[in-house]
Structure formats: C-alpha cells, structure tokens
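Atom set for the values below is all heavy atoms of this structure, side chains included, hydrogens, waters and symmetry mates excluded. Computed from a predicted structure; not experimentally measured. Indexing begins at 1, ligand by ligand and atom by atom, following the structure's order.
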Amino acid sequence: MVTAAMKQVKMKTASPASSLDPYRIKQDFPVLQQQSNGRPLVYLDSANTSQKPQCVIDAINKFYAHDNANIHRGVYDLSIRATKAYENARGTIAKFVGASRPEEIIFVRGTTEAINLVAQTFVRNRVGQGDEILVTAMEHHSNIVPWQIVCQQTGAVLKVAPINDAGEIILDAYREKLTAKTKFVAMTHVSNALGTVNPIAKMIELAHEKDIPVLVDGAQAAPHIPINVSELGCDFYTVSSHKMFGPTGVGALYGRLDLLNAMPPYQGGGDMILSVTFEHTTYNEVPYKFEAGTPHIAGAIGFAAAAQYILDIGFDKLIAYEHELLDYATKSLATIPEVRMIGTAAEKVSVLSFVLDGVHPHDVGTILDQQGIAIRTGHHCAQPIMDRFDVPATIRASLAIYNTKEDIDALAASLKNVMEVFR
Ligand code: PLP
C-alpha cells in the first residue's frame, strides 16, 4: 500500500532539483502547520487572502520590536531608521512591479483604495455627460463600483466588454467598445472568480491606439505572474499585499509619474503637504502627495518582505509548479461527474470555480470545513460573473505555492463524499 507519507517522499525525490518544492515552502507558513476540525488544515482560499510566511511575520515583528517610530518627520535615529525601512519597501515594490522609479509607487490600503484613488483624482476630472468608462464582464466589485460612483457624479456611462462561455474576453467585442466616447479602461489582469488571465498587453495596446488611459487591477495576478508595468505600458496598476503573502491593510498603486504629478491629492492631512496656512496649502511631491496621514508603516515593510519572498523563489519555478498543480487539480475534479467548472479559459491561473449539481455551494463549504478543508463559496465579490454564468454562487478552490497534490486529493475525496451523501 502506498501511504500519503510515502507518496510525499516519492514526489519529493521525483522533482528535479531546480523545481519548486511545495513541502519546503509549506514549512515557511506557520499557520499551515495546524489541524482544523481534527484534520491537517488544507487551505484552498488564497485568492481570498493568502497565508503569510515566517519572513513576513519576522519583518513586521522586527519593525515593532526595534525600529518603530513615525516616518518622514523625526530627526532622531529611530525615526530615520523607520523612514529608511518604509522607503526601502517602496523600492522593493517598484522592483516587483517593474516600475522605473520608486516615486511611481503609492502605498494604499489595497487594490480597492487604489482604484478609488484613480477614479476620484484622475478619471472624475476627465469625464462628462455621455463619456464612457469601459470595464470587462469579469471584474471584482472593487473594479465596478468606483466607476459607477464616478458615472453618478459626472453623467458618464459604464460600458462592459463581454466574455465568452469559457470566461475569456472577446477581443473583437472589446475593440469595438473602444470608441471616441471611451475616456478610460479598467480591467482585471486575472479574474478572481474564474482564474482567467486576460491578454492585457494586447488590451492596453488597443486602448492606447485610441489614446485611452488604462488601469489594470493586478490583485490576483501578483502572486502568480511576473508584472512589468514598464513593458506593459499601462497607466495604472494595482496590487494588494494580502493576496501575495503580505499583511492586510496595505497595497500599492503604480501610476505613470507624469500622470501622478498632474493629479490632485486624494485625501488631505499630514505628510501630503509642504506648507500650510489658513489661506493656502502647497502639496508635497509625488508619492507623498497621495499618502496623507501616518501610513501602515509595518504593513509596507511586511508587504516588501512578501514581494522579496516571491522574487527569491523565482517566477520561473513558481509558474511551472502552479501550472502543474492547476492541471492536476482540473483533471482530478473532472473525475467527479457532478462537477461543472465555471471558467475554463485556455490562459488560467490558480482558481477552480465550480458548482456541484444538486448541492448548494454553502453546504459543500460547510461539509468540507468539517474535514479541515478551507474553500470559499459565494459570489466572490463578482456578482455580474455569477449572472453571466447563471449561477447564484460557486465553490472556489484557489491555489498558491504552498499547496500540494495531497491538498487536491483531500479536496477531491471530500467532494466525492459530499456526492455520496446527496446523490
Ligand atoms: N480585484 C480583484 C480581482 C480581487 O480579487 C480583489 C479581492 O478579492 C480585489 C480587487 C479587492 O482587493 P482588496 O480587498 O485587497 O482591496
């Protein structure tokens, strides 16, 4: 009999030395070393939020234990060290997304805040009655609602580029939606509900041919795909730290420097000013102009540690492993006749979104939880996608580098058990 432990050893020795070892990686994540409901925790909800490696936890601890002070204002050693660590973090994030200068990185609370910032300080001033803002049919609510607010404020209209039954953008239809009225395009790089990877280089190029600025929501791409905003030529790109092994409450907006320089501030307060009188305020330069108040200093430092952790693993290894794991998982779920996959794009990462015929997704979530398996069920903050596929909710297993084939086997076995109960 081949036990799980033997399989693990077999798989370990079967991997070439140059490939990613998920068992090694898993050891980096303390939270994954626990039991849940009496079973080893199988965490398959990384698209919701990822787990944090020890190096990220250590970076945050070190800041609070040794370097904590407010930044940009103290003349004393501690504050200078804190400022240095925060600005170094900006440099690491700039490197991670391929920005040419650290000033192009604004620390924000996450992708949601980044998109709202661009909506209110860039797009709102550039659109009026009848102008159009284009998104795709596979957006997260945070790349829909901020644009609806701008439309309500200005009389602009939100347009939607359609997707096909596999969950892929229909490029010809997207091209047709780019008209003289289109003033801005906002699109996701990777769909959180389907796993689809959009051909964003082509989509940016098509928008730029008509001089339309583009924002890319990279929340789901960052932990899976190397990002190079300079090569992509996008105008804005957003990432959330917590999706890429960093802490919650922090993220980054990349913006082209000339655009950021021309934009008004988002919020007023300390640190975003050069001088203030009751009559007049002179704003600070970019990026500080957009970082009013005391930022999440420890968060930015942990975020940078997470970005460096990914860079140290290397995207080549990461992509090869995640591709292999997604393929294994897709084949494994295909052995269950009641599974209907939602999102079958040719270019896809990390997400298995599906329904089980005859069983409500929430029931599946609850039963799987009893077996130590954490998956997400619901609309995944992407209700229009649920409408597009005519389902109220899906079951979503989302993968990261710490997941193993045994995690997938546990998921498949539990789904088979669920079907035995409900059949
Ligand atoms: N965009 C996508 C594609 C997402 O998946 C998410 C979160 O799930 C967001 C935006 C929002 O990110 P945050 O909650 O970190 O602001």
Side-chain angles (χ1 to χ4, degrees), residues 43-52 56 93 96-97 105-120 135-149 160-161 163 167-169 185-198 200 203 214-225 227 234 236-254 266 295-296 299-300 302-303 306-307 342-343 345 347-353 374-386 388 393-394 396-400:
Y43 188 74
L44 293 170
D45 197 20
S46 296
N48 199 352
T49 197
S50 62
Q51 297 301 346
K52 322 303 171 198
V56 167
I93 301 305
F96 185 81
V97 300
I105 299 300
I106 315 290
F107 282 123
V108 287
R109 280 192 298 128
T111 290
T112 303
E113 188 174 48
I115 295 173
N116 278 279
L117 189 160
V118 174
Q120 290 301 316
V135 295
T136 79
M138 66 176 92
E139 301 306 325
H140 186 279
H141 295 165
S142 61
N143 204 20
I144 299 173
V145 185
W147 309 118
Q148 288 173 329
I149 293 173
V160 183
I163 56 177
E168 297 162 320
I169 191 82
V185 174
M187 64 173 93
T188 195
H189 194 164
V190 171
S191 158
N192 67 310
L194 305 171
T196 307
V197 182
N198 270 322
I200 55 161
M203 292 170 77
V214 178
L215 175 144
V216 180
D217 167 353
Q220 293 294 341
H224 306 293
I225 299 174
I227 299 159
C234 57
F236 301 99
Y237 195 101
T238 68
V239 291
S240 291
S241 154
H242 73 104
K243 308 273 191 200
M244 47 178 278
F245 316 123
T248 55
V250 65
L253 167 67
Y254 157 82
Y266 181 46
H296 189 359
F303 179 18
I342 307 291
E347 293 296 327
K348 201 178 150 172
V349 284
S350 89
V351 167
L352 299 134
S353 207
I375 44 121
R376 185 167 173 193
T377 60
H379 54 61
H380 318 297
C381 298
Q383 280 181 335
I385 297 182
M386 301 299 117
R388 166 64 180 78
T394 72
R396 184 186 70 183
S398 53
L399 314 175

Is there a side-chain contact between [X] and [Y], using heavy atoms and a 4.5 Å cut-off?
X    : Y    : result
K243 : Q220 : yes
M203 : V216 : no
N198 : H189 : no

E113 N/O to ligand 1 N/O under 3.5 Å: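 It does not: no N or O of E113 is found under 3.5 Å from an N or O of ligand 1.
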Nitrogen or oxygen atoms of T188 and ligand 1 under 3.5 Å apart: no
Where is the nearest protein heavy atom to [atom]: which residue, which atom, and how far?
atom                   : value
atom 5 (O) of ligand 1 : Q220 NE2, 2.7 Å
atom 8 (O) of ligand 1 : K243 NZ, 2.5 Å
atom 4 (C) of ligand 1 : H140 CD2, 3.3 Å

Non-hydrogen atoms of E139 and A186 that approach each other most closely: OE2-O, 3.9 Å
Nearest heavy atoms of A222 and I227, plus distance in Å: CA-CD1, 3.7 Å
Whether F107 and F303 hold their rings parallel, tilted or perpendicular, with breakpoints at 30° and 60°: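 Rings of F107 and F303: perpendicular, over 60°.
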[X] heavy atoms, cut-off 4.0 Å: which ligand 1 atoms fall inside?
X    : value
S142 : 1 (N), 9 (C), 10 (C), 11 (C)
A219 : 1 (N), 2 (C), 4 (C), 10 (C)
T112 : 11 (C), 12 (O), 13 (P), 14 (O), 16 (O)
S240 : 12 (O), 13 (P), 15 (O), 16 (O)

Residue part near ligand 1, for E139, under 4.0 Å between non-hydrogen atoms: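 Under 4.0 Å from ligand 1, E139 contributes no heavy atoms.
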Best match, N192, V250, D217, T49: closest heavy atom to atom 2 (C) of ligand 1: D217
Side chain S240, main chain H242, donor-acceptor under 3.5 Å: no
Distance-only donor-acceptor check, side chains H380 and T394, under 3.5 Å: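 Their side chains do contain a donor-acceptor pair, which is all the 3.5 Å distance test asks for.
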Close approach, H189 and ligand 1, non-hydrogen under 4.0 angstrom: no
